[in-house]
Amino acid sequence: MRKQVFNHSSVETHWQKIWEEKNLYKLSDMNKVVNAFYNLWMFPYPSAEGLHAGHAFASTGSDVYGRFKRMNAKIVFQPIGYDSFGIHSENYALKIGKHPREMLEKTTKKYEQQLRSLGHSYDWRRTVTTSDSDYYRWTQWLFIELFKAGLAYRKKTEVNWCPSDKTVLADEQVMSPAQAGKEAKDARGNIIKGKKDILVCERCGTQVEKKLLEQWFFRITKYADRLLAGLKKIDWPDKVKLAQTNWIGKKEGINITYPIKDSNQEIVVWTSRPDTNFGATFIVVSPEYAKQNLKNLLIKDVQSKVEKYIKLSLSKSKEERLNEGRKKTGVFTGLYALNQLNNTQMPIWVSDFVLSEVGTGAVVGVPGHDKRDFEFAKGFKLPIVRVVVGQDKDQSDITDVNQVQEEEGTMINSEFLNGLDINIAIGKMMDFLEEKGWGKRVINYHLRDWLVSRQRYWGVPIPMVKCKLCGWQPVPSEELPVQLPEISDYKPEGKGRGPLANHPEFFKTTCPNCGGSAERETDVMDTFVDSSWYFLRYPSVDSKSSTKLPFDREITKKWLPVSLYFGGAEHSVLHLMYARFVTMVLHDRGYLDFDEPFPRFFAHGLMIKDGAKMSKSRGNVVNPDLYIEKFGADTLRLYLMFMGPMDGFPDFRDTGIEGMRRFVDRVWELFTNFKNVVVLDEEGARFIMIKMHQTIKKVTEDIEEFRYNTAISSIMEYINLLRGVASKNQKSKIKNQKDKSRFKNKHFNNIRCAEWDEALKNLALLLAPFAPHLAEEVWVNILGQEFSVHTYPWPKYNPEFIEEDSVEIVIQVNGKLRGTISLSKSEAQDKEKVIESAKKVNNLAKWLEGKEIKKEIFVPEKLVNFVL
RNA sequence: GCCAGGGUGGUGAAAUUGGUAGACACGCAGGAUUUAGGAUCCUGUGGGGAUUAAACCUCGUGCAGGUUCGAGUCCUGUCCCUGGCACCA
């Protein structure tokens, strides 16, 4: 028979054109919908290099699911857009000396072409580009909504500053170099080596600095508890939920107040372990706390020493303090606090290891229970006391404390808390302290408010006006958008103000309140504000009624929240938390009926190449275009989905994709060469049907759980079987041992074609989500079915066929495999029968010989185990 | 340090409730075809042992124990890796 070659490029471009012409993936009316399914992939930012294979891996994962749902009677809305504002786009524009807007046209065009060539089923009619003014006017609207709700405010504080990007950053955008996937750089761009605990800019890997600036913040901390509680009701991967929980960092504790000896003042510390307070031997306050609260109490002898220490500490950034190693510095203030619990006087020290932003900025030193306090106590020869609280007795919090105990510490017993579980002890202690009026329960969070100002050009102008008389005023909604002007000097200068500050024609304006002269805010918004609400916009982009609001309320009711959100886990505490926050705010403002935007989120993994994350600097970026051209989009899609689990970290290899292309050719050959020639007898037909229904079941269940790799492998098994039947070369095509043994006794002689047709038809349907072009070509042009395979109902399996006629029983002796027998289903249920047959197996006699069978373990339809 | 998740062939990986470990592929080896190479097809492929051949035996899921008729799967300890948080009191 002649070898058939699948001409991928002509087949794929042909069907892409037809799909487009027939609007296969475009929804005509967003209002008339039943069974709506909003299938969303996190939109990319358009980079000049285009999509790499990692994008293709992720987006294909989403597309497969969308196609599967479409075939399962859902009206699928699958949009795509561009997160086009932001430092990432702007930095590249600066590098090549082109205006970001000019660059944007090229990059989005390239992205669209690439996504289309992958055969994705996007609704290209409804797209979103965050840098378009008809999108960002609504981002400005959102800002004003937050302002009106009291959730957008200005604050002067120490903020993260990236010296390379010349802007401030939110806490969430500052991370370890490993997290950013970059090598740490200093302000001049030189690689930093050998230093630990460096925090860098998420975008460029430059070590961040601290600056004291007044900036715009969103009050996300107000939603800390809501953000935590909401996690309980959404279907997300545990690791993502956990990352958010950790980031929010809710901790219950208590503020304990100690009187300061010989004064009428008090000192307040926050602790989560008041049960150890019997063992408190000193107090340490942060330099900031000391400066604010203790200065006036200092006696002359120590005053200059303490002030010198405070001054020195405050001149250092937080990072510098931390980087100086674990050796703790400090100074005694000469003051004492009274611990009313054990009537001791605790010396008050100042040390820079205490962070001013945590708790009250003052810590009670319990060196018997805390490693840092222990180090401090050892360093300055302060007493070490360990409290025995119930079950805490043996489990030391500090490894070397027990040893120290004998040498220099005292062990005391707290009768008050004796024998209690640690959590109960903590609760009891808090009750006690509150009753006495010595303390008050306070919950602390790690989460900080979201800093949204950016001193850059390429972003949404913050729609606020500052009037000397009226203060900050929002721009009236009818004046939105505040257009981002086209300027040529858009390079950031690093003076703490954005490039727009050099353009009086932009910022000079009048006050919306009093009409007097006023100035606009010249900073722009963090890109994460743009992406915090884009999913609300997609379904409504072409709605006429969305002129007063960014989204049509009726359409939103039908389509939101998002049915399945597909994206990377690297956004766990960035985009995913911001989007939840914004959705909650809009819900509370009465614009939305739901307060969780993504009830179901799947976190895909990250594709790597040669063991490392793909990046331009490493030079290991895989361009999907070359593979599409050489092997075809379907081959690439199948390969990407087959490489491993969707949430894994597959390593792209050329040889792997070649193997997948061979598979595609074999599929093509099966359809073209064996469409009509195969004939089956009744027994052979049933044999094929069993495998077919088993495959349908497996593929259906696997896709639903994103186990695409095993779905594809079961399709491969199915095809191997069909090819074996087709070529009558039984032994060679079927490698699966189970199929092989069953195959042996079957005959494929008499004419009987209906089942064969059904087998091929269902094969095309099962392939459709993974290889949409191949499936369509085969469906229409070979099997002669009606266009389109992608709107044809997904095959259902018949449970009658899933159960095989005969089953293989495993025979074990003392738990070890000694043989197998094949029995009919009914026989396999009967213990006596199975044991009888099992004993007849040749090999078994030598194992049972001369030994007494103590026990016979029988699992119906599975195994029999002889225990000797 | 704390909290998660994970260690299975040369490689990517499979393995409902404990019940034939390594499906499906890649790679590799041998063979067929070919002037040759490539492509294709066939055979083999966890380690070790044994046999003329087939059947066969034995070890094997990071390591050490345990529970069980039976453990990749459950329990205890331990080592390593990945991710999140981190002088957070």
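So you know, we letter chains A, B, ... as the sequences are listed, proteins then strands, and number each from 1. This structure is a prediction, so every number in the text was calculated from the model and none was measured.
- For B:rA15, there is no paired nucleotide, since no Watson-Crick or G-U wobble pair has both relevant distances below 3.5 Å.
- When the C1' atom of B:rC24 is taken as reference, atom NZ of A:Lys698 falls 10 Å away, rounded to whole Å.
- Residue A:Asn709 is classed as a sugar-phosphate contact, given heavy-atom separations below 4.0 Å to backbone atoms only.
- Summarising the base pairing, B:rC28 is matched to B:rG44 through a Watson-Crick or G-U wobble pair whose two defining distances lie under 3.5 Å.
- Salt-bridge formation is not detected for the pair A:Lys609/A:Asp651: no Lys NZ or Arg NE/NH1/NH2 atom is positioned less than 4.0 Å from an Asp or Glu carboxylate oxygen.
- A donor-acceptor contact under 3.5 Å is formed by the side chain of A:Asn865 with the base of B:rC69.
- Rounded to whole Å, the distance from CD1 on A:Ile608 to P on B:rG83 is 11 Å.
- For A:Val354, whose side chain is taken as the heavy atoms from C-beta onward, the closest listed nucleotide among B:rC41, B:rA89, B:rC85 is B:rA89.
- Nearest to the side chain of A:Phe353, among B:rC87, B:rU20, B:rC26, sits B:rC87.
- Classification of A:Glu701 and A:Lys697 as a salt-bridged pair holds, one side-chain N sitting under 4.0 Å from a carboxylate O.
- Here B:rC85 presents its C1' atom at 13 Å from CE of A:Met577, a figure rounded to the nearest Å.
- Taking all atoms of both residues into account, the shortest heavy-atom contact from A:Ile267 to A:Ala337 is CG2-CB, 4.1 Å.
- Across every strand in view, B:rC87 sits unpaired, with no contact that passes the Watson-Crick or G-U test at under 3.5 angstrom.
- For the C1' atoms, the distance from B:rG9 to B:rG84 is 32 Å, rounded to whole Å.
- Taking atom P on both B:rU73 and B:rG60, the two are 13 Å apart, rounded to the nearest angstrom.
- Rounded to the nearest Å, the gap between the C1' atom of B:rU40 and that of B:rU51 is 36 Å.
- Summarising the geometry of A:Met346 relative to A:Val364, their closest heavy-atom pair is SD-CG2, 4.4 Å, with the distance given to 0.1 Å.
- Residue A:Gln244 places no side-chain atom within donor-acceptor reach of the base of B:rG84, judged by atom type and a 3.5 Å distance cut-off alone.
- Of the candidate nucleotides B:rC24, B:rA89, B:rA14, B:rA89 has the atom lying nearest to any side-chain atom of A:Ser272.
- Across the protein-nucleic acid pair, A:Asn246 atom CG and B:rG1 atom C1' stand 14 Å apart, rounded to whole Å.
- Distance noted for atom P between B:rU52 and B:rA39: 39 Å (whole Å).
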- Message: Show, in sequence, the C-alpha distance, side-chain angles and deciding distance for A:Trp349 and A:Phe282, and conclude whether the ring pair (Phe, Tyr, Trp, His ring centres under 6.0 Å) test is met.
- Response: CA-CA 8 Å; A:Trp349 286 66; A:Phe282 58 93; 7.8 Å; no

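- As judged by a 4.0 angstrom heavy-atom cut-off over every strand, A:Val358 is placed among the base-contacting residues.
- Closest to the A:Ile857 side chain, of the nucleotides B:rA89, B:rC24, B:rC69, is B:rC69.
- Remark: the separation of the P atoms in B:rA64 and B:rC69 is 23 Å, to the nearest Å.
- Residue order along RNA chain B, read from the 5' end via each residue's closest nucleotide, puts A:Gly648 first among A:Phe866 and A:Gly648.
- Residue A:Lys251 places at least one side-chain N or O closer than 4.0 Å to OP1 or OP2 of B:rA89.
- For A:Arg372, counting side-chain heavy atoms from C-beta on, the closest listed nucleotide (B:rC87, B:rU11, B:rC41) is B:rC87.
- With both pairing distances under 3.5 Å, B:rG65 is matched to B:rC75 as a Watson-Crick or G-U wobble pair.
- Distance, A:Met660 CE to B:rU11 P: 20 Å, rounded to whole Å.
- Applying the 3.5 Å distance criterion, the base of B:rC87 shares no donor-acceptor pair with the side chain of A:Lys371.
- Here the P atom of nucleotide B:rC24 and the OH atom of A:Tyr718 are 17 Å apart, to the nearest Å.
- Within the 4.0 angstrom heavy-atom criterion, base atoms lie near A:Phe642.
- Comparing A:Glu658 and A:Met643 by the nucleotide of RNA chain B whose heavy atom lies nearest to each, the residue mapping closer to the 5' end is A:Met643.
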Contacts table for residues 571-578 of chain A: side-chain donor-acceptor under 3.5 angstrom, sequence neighbours left out:
from, atom 1, to, atom 2, distance (Å)
A:Ser572, OG, A:Ala569, O, 2.6
A:His575, ND1, A:Ser531, O, 3.4
A:His575, NE2, A:Tyr565, OH, 2.7
A:Tyr578, OH, A:Glu172, OE1, 2.9

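- Here, B:rU17 and B:rC26 have their P atoms 30 Å apart, quoted to the whole Å.
- B:rA4: Watson-Crick or G-U partner is B:rU82, with both key distances under 3.5 Å.
- Across all strands shown, B:rU34 has no partner, as no Watson-Crick or G-U wobble contact with both distances under 3.5 Å is found.
- When the nucleotides B:rG19, B:rU20, B:rG27 are ranked by their closest atom to the side chain of A:Val810, B:rU20 comes out on top.
- A cation-pi arrangement is present between A:Arg580 and A:Trp236 under the rule of less than 6.0 angstrom and at most 45 degrees off the ring axis.
- If you check B:rA89, B:rC85, B:rG12 against the side chain of A:Val363, the one that comes closest is B:rA89.
- Taking 4.0 Å as the cut-off between side-chain N and carboxylate O, A:Arg448 and A:Glu357 do not count as a salt-bridged pair.
- A gap of 12 Å separates the C1' atoms of B:rU68 and B:rG19, to the nearest Å.
- Here the P atom of nucleotide B:rG84 and the CD atom of A:Glu202 are 13 Å apart, to the nearest Å.
- Side-chain contact annotation: A:Thr635 with A:Tyr627, donor-acceptor N/O pair under 3.5 Å absent.
- One finds a salt bridge joining A:Arg723 and A:Glu669 here, because a Lys/Arg side-chain nitrogen approaches an Asp/Glu carboxylate oxygen to under 4.0 Å.
- Looking at the side chain of A:Thr710, the nearest of the listed nucleotides B:rU40, B:rU20, B:rA14 is B:rA14.
- Comparing B:rU20, B:rC3, B:rC26 against the side chain of A:Leu242 picks out B:rC3 as the nearest.
- Counting any heavy atom pair closer than 4.0 Å across all strands shown, A:Gly359 reaches no nucleic acid atom.
- Rounded to a whole angstrom, the distance from the P atom of B:rU61 to that of B:rA21 is 12 Å.
- Nucleotide B:rC56: paired with B:rG49 (Watson-Crick or G-U wobble, both distances less than 3.5 Å).
- Looking at heavy-atom distances under 4.0 Å, A:Pro645 makes contact with sugar-phosphate atoms alone, never a base.
- A:Leu863 comes within 4.0 angstrom of a base, heavy atoms only.
- Of the listed nucleotides (B:rA89, B:rG19, B:rA14), B:rA89 has the atom at the smallest distance from the side chain of A:Trp270.
- Contact check, A:Asn720 against B:rA25: a side-chain N or O comes under 4.0 Å of OP1 or OP2.
- Side-chain nitrogen and oxygen atoms of A:Arg662 include none within less than 4.0 Å of the OP1 or OP2 phosphate oxygen of B:rC24.
- A glycosidic torsion no more than 90° from 0 defines the syn conformation, and B:rG9 adopts it.
- If you take CG of A:Asp352 and C1' of B:rC87, they are 10 Å apart, rounded to a whole angstrom.
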